[in-house]
2 protein chains.
Amino acid sequence: MNATAGTLSTRDRILDIAQRLIQSRGYNAFSFNDLAKELKLRTASVHYHFPTKADLGVALVRRYRGQLHHELDWIAKSGVDPLGSLEQFIAMFDRTFRSSNALCLSCVLSAEAPSLPKPVAAEVTRFIHDAELSLAKIFAAGKRARVMAFKGSPRTQARMLMAMIQGAMLVARGLRHRSYFRDMTRGYLGKYAVG
Amino acid sequence: MNATAGTLSTRDRILDIAQRLIQSRGYNAFSFNDLAKELKLRTASVHYHFPTKADLGVALVRRYRGQLHHELDWIAKSGVDPLGSLEQFIAMFDRTFRSSNALCLSCVLSAEAPSLPKPVAAEVTRFIHDAELSLAKIFAAGKRARVMAFKGSPRTQARMLMAMIQGAMLVARGLRHRSYFRDMTRGYLGKYAVG
DNA sequence: GTCTATAAGATGATAGAC
DNA sequence: GTCTATCATCTTATAGAC
């Protein structure tokens, strides 16, 4: 049965819990048993929904990629200009980081990449590639509309923004400094502003 | 017995192998058995040198912190100006990343921080703190000598550089793009140059 | 869909011989 | 310092009942 109003299917609950655990501990430090405990089920039940851990990992990153596009669509529809879109994109990560110390799922998985099942690592690559393209489009639109100015390609700016976001969260976690990420990214977009 | 010329003590060999494995797979994806296999010893022998995995982790990050200072001293003695020092600092990471796909040890451990033994996580915090201070001194010296120009504190610039380096390596690994890190960091320091 | 039961293997760690 | 032997525990995964 699927979820009814206000409830989530077991499958979705598994994905939610697994995502939270990976964003906190990484792929190799969570187990089917952790999931089963939180769900108050048995590990065999979790395996029913995702036969292997790699299956779960792939489904997770694939869903995360969908969420990225969903968030970007939502930001686009909110009617802000390209610079505002990037600000909201950053604010998104700031919220989850400060509220639950969660890094970007793909950021954590990237760190562990060589130890991941190949299909999971491939999905991570796809996510970053997607994010880069989406951000590049925003940079390009900003330049076209003359609300942003920068040298080099929109693609390069997108890459720098991605690196800045991921790196700032990573270092913030390592330093155990909750406001580090916000402090660092606050001024970052200023350099793109026109006028 | 300690190492004689050209050889390494078992303890040092353990540290070398463990560091490489963590930089590749992360803390939770390497085992005493992995070390024993490479050393052609038994796991009990590894435990003789480091009773627990946490002991090994702490020793590792502590040594890595020493290496950081050693590298920075070496760069300082090479006689380049502050901007050149930062370039060499970045080049250091570029070399290990491109030659062996190795991320910064503390970067990988930061990603897994909530799942690490507390003493290990504490050592990671210390490393990043140290690196930040050392880089801030270089930025300050560059400003004093008028070879670098920037707004804000040297500390903030150091943080941005750290985030950029760590984030660029992380994203480069996730994307499986060997030259990504170099491409991204190549132009980064340009903005600090005077004249 | 969830359960019990179970398997085969890995893991961190220790005792005690050499 | 390194070994054999052993431990309890955890991990991913499967078979088959309900």
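Computed from a predicted structure; not experimentally measured. Every chain is numbered from 1 and lettered A, B, ... according to where its sequence line falls, protein lines coming before strand lines.
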#### Entry: B:Tyr27 side chain near B:Pro117 side chain, heavy-atom distance below 4.5 Å
yes

### Query
Could you give the CG-to-C1' distance, from A:Asp12 to C:dG1, as a whole number of Å?
15 Å

### Task
Please check the phosphate of D:dT2 (OP1 and OP2 only) for any side-chain N or O of B:Tyr48 closer than 4.0 Å.
no

### Message
Which residues pass the salt bridge (Lys or Arg N to Asp or Glu O under 4.0 Å) test with B:Arg155, not counting sequence neighbours?
### Response
B:Glu132

### Query
Taking atom P of D:dC10 as reference, at what distance in whole Å does atom CG of A:Asn28 sit?
18 Å

### Query
What residues form a side chain to side chain donor-acceptor pair (under 3.5 Å) with A:Tyr180, not counting sequence neighbours?
none

#### Entry: side-chain N/O A:Ser45 vs C:dC3 OP1/OP2, d < 4.0 Å
yes

### Message
With no hydrogens and no angle check, just 3.5 Å: does a side-chain donor-acceptor pair link B:Ser115 and B:Asn28?
### Response
yes

### d(CG, A:Leu56; P, D:dA13) in whole Å
10 Å

### Message
Whole angstroms only, please: what is the NZ-C1' distance between A:Lys40 and C:dG1?
### Response
19 Å

### Task
Quickly work out the A:His49 NE2 to D:dA13 C1' distance and round it to whole Å.
16 Å

### Query
Just by distance, with hydrogens left out, do A:Glu123 and A:Tyr64 show a side-chain donor and acceptor under 3.5 Å apart?
no

## Note on the structure
Each nucleotide of nucleotides 7-16 of chain C classed B (base within 4.0 Å of a protein heavy atom), S (only sugar-phosphate) or -, in 5' to 3' order, makes ----SSBBB-

### Query
Using 4.0 Å as the upper bound for N to carboxylate O, is an ion pair formed by B:Arg98 and B:Asp94?
yes

